[in-house]
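To keep things clear, I will list the structure first and then write my remarks on it.
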Protein chains: 2
Amino acid sequence: MMEATISESVKLDPVFLQKAAGIIKMLGHPDRLRIVELLQTGEHCVSSIQEYMGLSQPITSQHLKQMRQRGLVSRHREGNKMMYFVANPLIFKLLTCLRDTQVNMGCDALSLLD
Amino acid sequence: MMEATISESVKLDPVFLQKAAGIIKMLGHPDRLRIVELLQTGEHCVSSIQEYMGLSQPITSQHLKQMRQRGLVSRHREGNKMMYFVANPLIFKLLTCLRDTQVNMGCDALSLLD
DNA sequence: GCAATGTATATTATTTTCACTATATATGAG
DNA sequence: CTCATATATAGTGAAAATAATATACATTGC
């Protein structure tokens with residue numbers, strides 16, 4: 001099994017970078033970041049996400065819609081309910097980065113410096 | 001040497017999550033994402049960043065200021081010039097995620113699905 | 001069919017971001 | 001001190017994000 005060693009010199013393709021920025025933008029909102037953190041554990045319906053987050057139903061739907069449009073999450077119907085789940089492998093990787101950083105450096109790793 | 005295995009079950013601390021969202025938000029703009037990609041290779045002054053990016057001087061300064069306020073980058077004076085550099089380890093990790101994703105999955109990995 | 005539940009959308013007001021122009025500040029050279 | 005270079009900030013207007021309320025739509029069970 002080969003692990004690719006990614007050199008720092010790999011340049012991000014302009015198209016890729018553009019799409020990536022769009023995805024990252026979606027994670028730049030605390031609520032949405034927390035939603036994907038929840039969804040990472042498995043699929044959830046809107047009402048359970050809503051309850052978990054303590055958000056209104058429309059706001060919850062809106063966040064999910066935005067993330068769906070950017071390809072972060074996807075959904076399927078299950079009877080009455082819409083089940084949402086993470087649809088992009090990059091999301092898992094990015095969340096792993098965050099957890100890793102929190103575990104290794106603690107909360108202060110992200111403190112403002114200036 | 002021990003590599004920490006980060007379980008998916010590590011829950012992100014609310015404070016950490018809040019700060020992380022702030023940092024991630026800064027990367028959610030294509031120009032800023034490209035700027036940190038540049039800075040990752042070493043420090044650069046404003047005018048060289050500006051030239052590389054093809055942005056106006058005020059816009060360049062503004063992006064840098066925002067990122068400085070969030071702790072993504074820092075700077076020091078070198079004579080006439082202000083040298084900017086990446087100040088947060090998380091940035092490197094996130095960029096590595098992106099490069100890794102691009103290399104392993106190509107540009108289409110981030111395509112919209114819905 | 002109707003009512004109940006779950007989700008999505010429309011509308012609107014507020015706030016925030018973005019990008020531009022003009023101007024101010026700081027350093028170095030002379 | 002003066003000028004040139006490099007950077008930062010102020011002020012403005014347009015565009016986008018956010019959040020709230022009201023309403024529409026879809027599915028289930030009767």
Side-chain angles (χ1 to χ4, degrees), chain A residues 17-36 38-39 42-85 87 112-114, chain B residues 17-36 38-39 42-85 87 112-114:
Chain A
L17 192 141
Q18 194 74 24
K19 290 180 181 176
I23 287 185
I24 291 171
K25 188 180 198 173
M26 287 297 101
L27 300 180
H29 188 295
D31 290 341
R32 288 191 297 257
L33 187 53
R34 216 169 124 235
I35 288 175
V36 296
L38 171 65
L39 292 186
E43 62 181 26
H44 288 270
C45 69
V46 178
S47 50
S48 88
I49 296 170
Q50 174 189 346
E51 189 182 355
Y52 174 82
M53 294 292 298
L55 297 174
S56 73
Q57 184 272 314
I59 289 284
T60 307
S61 263
Q62 283 223 91
H63 283 318
L64 291 168
K65 182 182 188 179
Q66 290 182 70
M67 293 198 284
R68 201 159 50 84
Q69 287 174 332
R70 297 285 193 171
L72 282 78
V73 303
S74 190
R75 65 177 181 183
H76 66 91
R77 182 176 288 282
E78 207 154 282
N80 222 357
K81 305 186 172 178
M82 278 298 194
M83 306 303 290
Y84 281 81
F85 55 95
L112 311 183
L113 310 170
D114 229 291
Chain B
L17 193 142
Q18 193 74 25
K19 289 179 181 174
I23 287 184
I24 291 171
K25 189 179 196 173
M26 288 297 101
L27 299 180
H29 187 295
D31 289 341
R32 288 191 296 259
L33 187 53
R34 216 168 124 235
I35 288 175
V36 296
L38 171 65
L39 291 186
E43 62 179 28
H44 288 271
C45 68
V46 178
S47 50
S48 87
I49 297 170
Q50 173 188 348
E51 189 183 357
Y52 174 82
M53 294 292 299
L55 297 174
S56 73
Q57 184 272 314
I59 290 284
T60 307
S61 264
Q62 284 223 90
H63 282 319
L64 291 168
K65 181 182 188 177
Q66 290 182 72
M67 292 198 284
R68 201 158 50 84
Q69 287 174 333
R70 298 284 192 171
L72 283 78
V73 302
S74 191
R75 66 177 180 183
H76 67 91
R77 181 174 289 282
E78 207 154 281
N80 222 358
K81 305 187 172 176
M82 277 299 194
M83 306 303 289
Y84 281 82
F85 55 96
L112 310 183
L113 311 169
D114 229 287

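Here is how names work: the chains are called A, B, and so on, in the same order as the sequence lines, proteins then strands, and each is numbered from 1.
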Original post:
How would you give the extent of chain B contacts on DNA chain D, as first and last nucleotide 5' to 3' within a 4.0 Å heavy-atom cut-off?
Top reply: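 Span of nucleotides near chain B: D/dT5 to D/dT9.
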
Would you please name every residue forming a side-chain contact (heavy atoms from CB on, under 4.5 Å) with [X], sequence neighbours left out?
| X | result |
| --- | --- |
| B/Lys81 | B/Cys45, B/Met83 |
| A/Gln62 | none |
| B/Asn80 | none |

Original post:
If you pin B/His63 and A/Leu64 to their nearest nucleotides in DNA chain C, which one's is more 5'?
Top reply: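 Looking at DNA chain C, the more 5' nearest nucleotide goes with A/Leu64.
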
**OP:** Could you identify which residues of residues 76-84 of chain B place a heavy atom less than 4.0 Å from some atom of DNA chain D, listed by residue number, or say none?
**Re:**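 B/Asn80, B/Lys81, B/Met82, B/Tyr84 - these, ordered by number, are the residues of the stretch whose heavy atoms sit under 4.0 Å from the strand.
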
Original post:
Using a heavy-atom distance cut-off of less than 4.0 Å, which residues of residues 28-36 of chain A contact DNA chain D?
Top reply: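 Correct list: A/His29, A/Arg32.
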
Heavy-atom closest contact ([X] atom, [Y] atom, distance):
| X | Y | value |
| --- | --- | --- |
| A/Leu33 | B/Ala20 | CD2-CB, 4.3 Å |
| A/Val46 | A/Tyr84 | CG2-CE1, 3.5 Å |
| A/Met67 | A/Val36 | SD-CG1, 3.7 Å |
| B/Gln18 | A/Pro30 | NE2-CG, 3.7 Å |

Roughly how far, to the nearest 0.5 Å, is [atom2] of [Y] from [atom1] of [X]?
| X | Y | atom1 | atom2 | answer |
| --- | --- | --- | --- | --- |
| A/Leu72 | A/Leu39 | CG | CG | 10.0 Å |
| A/Leu64 | A/Arg75 | CG | CZ | 9.0 Å |
| B/Ile24 | B/Leu17 | CD1 | CG | 8.0 Å |

**OP:** With a 4.0 angstrom cut-off to heavy atoms of chain B, pull out the first and last contacting nucleotide of DNA chain C, in 5'-to-3' order.
**Re:**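 It runs C/dT17 to C/dG28.
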
Original post:
What are the residues of residues 44-57 of chain B, sorted by number, that bring a heavy atom to within less than 4.0 Å of DNA chain C?
Top reply: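 DNA chain C contact set from residues 44-57 of chain B: none.
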
In chain order, what residues pass the side-chain hydrogen bond (donor to acceptor under 3.5 Å, both in side chains) check against [X], with sequence neighbours excluded?
| X | answer |
| --- | --- |
| A/Gln57 | A/Ser61 |
| A/His63 | A/Arg32 |
| A/Glu43 | A/His76 |

Original post:
Hey, are the side chains of A/Leu27 and B/Leu27 touching, using non-hydrogen atoms and a 4.5 Å cut-off?
Top reply: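 Not touching, per the 4.5 Å side-chain cut-off.
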
Subject >> Partner residues of A/His44 under the ring-ring contact (aromatic ring centres under 6.0 Å, His included) criterion, sequence neighbours left out >> reply: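 Applying ring-ring contact (aromatic ring centres under 6.0 Å, His included) to A/His44 gives none.
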
